[in-house]
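This report refers to the structure that appears directly beneath it.
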2 protein chains.
Amino acid sequence: MTVSTNSKRMTRQRRLVLEELKKLKNHPSADYLFGVVRQKMPNISLGTVYRNLDVLVNSGQALKLDLAGGQCRYDGDMSPHHHIRCSVCSAIDDLSESAVAGIDKPRVSGSDYVVTGWRMEFEGVCPRCQRAKAENPGSQEEASHTVHAFPNMSVTQPESEE
Amino acid sequence: MTVSTNSKRMTRQRRLVLEELKKLKNHPSADYLFGVVRQKMPNISLGTVYRNLDVLVNSGQALKLDLAGGQCRYDGDMSPHHHIRCSVCSAIDDLSESAVAGIDKPRVSGSDYVVTGWRMEFEGVCPRCQRAKAENPGSQEEASHTVHAFPNMSVTQPESEE
DNA sequence: CTAGTTGCAAATGTTTTGCATTCAC
DNA sequence: GTGAATGCAAAACATTTGCAACTAG
């Protein structure tokens, strides 16, 4: 389970994984990133990518986004921001903190847990999939049922803000 | 993929899965629930439990909690509340809405996504694991690095009970 | 009857791990 | 030189699915 000492060697593989992750802005999965780094280092293995991502995350240089949808995604951008996931194509995009109203630093009281953190994620339909749906209304929706729905937010509101 | 017609039969298996889930208060995984229902119906299969949980979720009778930690958990309690997950033992407990300050209905503006929902989860250490750690400080922490940490929230507010 | 459902097992997809070899320090 | 890191492939998991047999309505 994860490395914990701090005697880390900077191998070529590790440097490459780190560099490419920082470059990518699409919150890649380990597998996607594997595909990218493989172009520059064809012999690197998927296990190595996973191991190095783990090192990155545990040393505070990247974020592991354990969002809905099975696969974990990674983010090289450590500045505070939220994420929104397209329920159709699983794209993940950033949501600046100022774009979200109604969320302060949550504070928990009256629990016998020692609260150490929280995680939040938004779900929606990205512009590409909105367009695709408009042109091809037959394709079935995903409506994951694992989120709090916005009750009266009709799924037909291109961008006007409420 | 999931079922989509509405001609559902109430089989013995389905009824049992539903009943037992409603009874359990510990947000069981499919596998755990499988173990429970198997005591009353030894021949039921895990696939059937998954399929019926899916039916339950899609018909609005249960919640699928796709939280951190790989395994999905299910909740038969549909009343609005938050969840907190123990980072040590993965227990999931309820957090009443009134226990959480700082969270309104979040509202998103300035995104080109059509926002349909959000998901939120707290992380902490449950009372049992707090006690275990106090007695055995050697055991390693999990500190999942996949959440927003509470910066200056000291790990000290036992409130003990249970 | 008959279409939805089940049990079983095999398949899937993601992530982890064991191990001999290699390499960074 | 030595322990950390790699490549590879197998293992470990959670979940899904194909299919023949079964059953609720």
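We find that CG of B:Leu65 is positioned 16 Å from C1' of D:dA14, with the value rounded to whole Å. In this entry the distance linking CD of A:Gln71 with P of C:dT16 reads 12 Å, nearest Å. Distance NZ (A:Lys8) to P (C:dC25): 13 Å, rounded to an integer number of Å. Spacing between atom CE of B:Met41 and atom P of D:dT23 amounts to 11 Å, rounded to whole angstrom units. Whole-Å rounding puts the A:Leu56 CG to D:dA5 P distance at 13 Å. The CZ atom of B:Arg73 sits 11 Å away from the P atom of D:dT15 (whole-angstrom rounding). Nucleotide D:dC8 holds its C1' atom 11 Å from the CG atom of A:Asn43, rounded to whole Å. Atom CG of A:Asn52 and atom P of C:dT17 are 15 Å apart (whole Å).
Applying the side chain to side chain contact (heavy atoms under 4.5 Å, CB included) rule to B:Ser45 yields the partners B:Thr48; only residues at least two apart in sequence or on another chain are considered. Residues meeting the side chain to side chain donor-acceptor pair (under 3.5 Å) test with B:Arg14, sequence neighbours left out: B:Asn52. For A:Arg12, the side chain to side chain contact (heavy atoms under 4.5 Å, CB included) partners at least two apart in sequence or on another chain are A:Met41. For A:Asp31, the side chain to side chain contact (heavy atoms under 4.5 Å, CB included) test picks out A:Ser29, A:Phe34, A:Leu46, A:Gln71, with sequence neighbours left out. Considering only residues two or more places apart in sequence or on other chains, A:Glu20 meets the side chain to side chain donor-acceptor pair (under 3.5 Å) condition with A:Lys23, A:Lys40. B:Asp93 meets the side chain to side chain donor-acceptor pair (under 3.5 Å) test with A:Tyr113; sequence neighbours excluded. Listed by chain and residue number, B:Ser59 satisfy the side chain to side chain donor-acceptor pair (under 3.5 Å) test with B:Gln61 (two or more places apart in sequence, or in another chain).
A donor-acceptor pair under 3.5 Å is absent between the side-chain atoms of B:Glu97 and the main chain of B:His82, judged by distance alone. Counting only distance, with no hydrogens or angles, the side chain of A:Lys22 and the backbone of A:Gly76 share a donor-acceptor pair below 3.5 Å. Without hydrogens or angle criteria, B:Asp66 side chain to A:Gly69 main chain gives a donor-acceptor distance under 3.5 Å. In this structure, A:Asp104 contributes its side chain and A:Pro106 its backbone to no donor-acceptor pair below 3.5 Å.
Distances shown here put a side-chain N or O of A:Thr11 below 4.0 Å from the OP1 or OP2 atom of D:dT6.
Toward the 5' end of DNA chain C, the nearer of the two residues B:Arg9 and B:Gly47, judged by each one's closest nucleotide, is B:Arg9. When the nearest nucleotides of DNA chain D are assigned to B:Met10 and B:Gly70 by heavy-atom distance, the more 5′-ward of the two goes with B:Gly70.
The B:Tyr50 side chain lies nearest to D:dT16 when the options are D:dT16, D:dG7, D:dA5. For B:Thr48, whose side chain is taken as the heavy atoms from C-beta onward, the closest listed nucleotide among C:dT6, C:dA3, C:dT15 is C:dT6.
Within the 4.0 angstrom heavy-atom criterion, only backbone atoms of the sugar-phosphate kind lie near B:Ile44; the bases stay farther away.
Scanning residues 12-37 of chain B for heavy-atom distances under 4.0 Å to DNA chain C yields B:Gln13, B:Arg14.
Note on the helix from C:dC1-D:dG25 to C:dC25-D:dG1: angle between the axes of the first and last five pairs equals 40°, rounded to 10 degrees.
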With 3.5 Å as the limit, what N/O pairs link the protein to nucleotides 18-20 of chain C?
residue, atom, partner, partner atom, Å
C:dG18, O6, A:Arg51, NH1, 3.4

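Annotation: ring-ring contact (aromatic ring centres under 6.0 Å, His included) contacts involving residues 83-103 of chain B, sequence neighbours excluded, comprise B:His27-B:His83, B:His81-B:His83.
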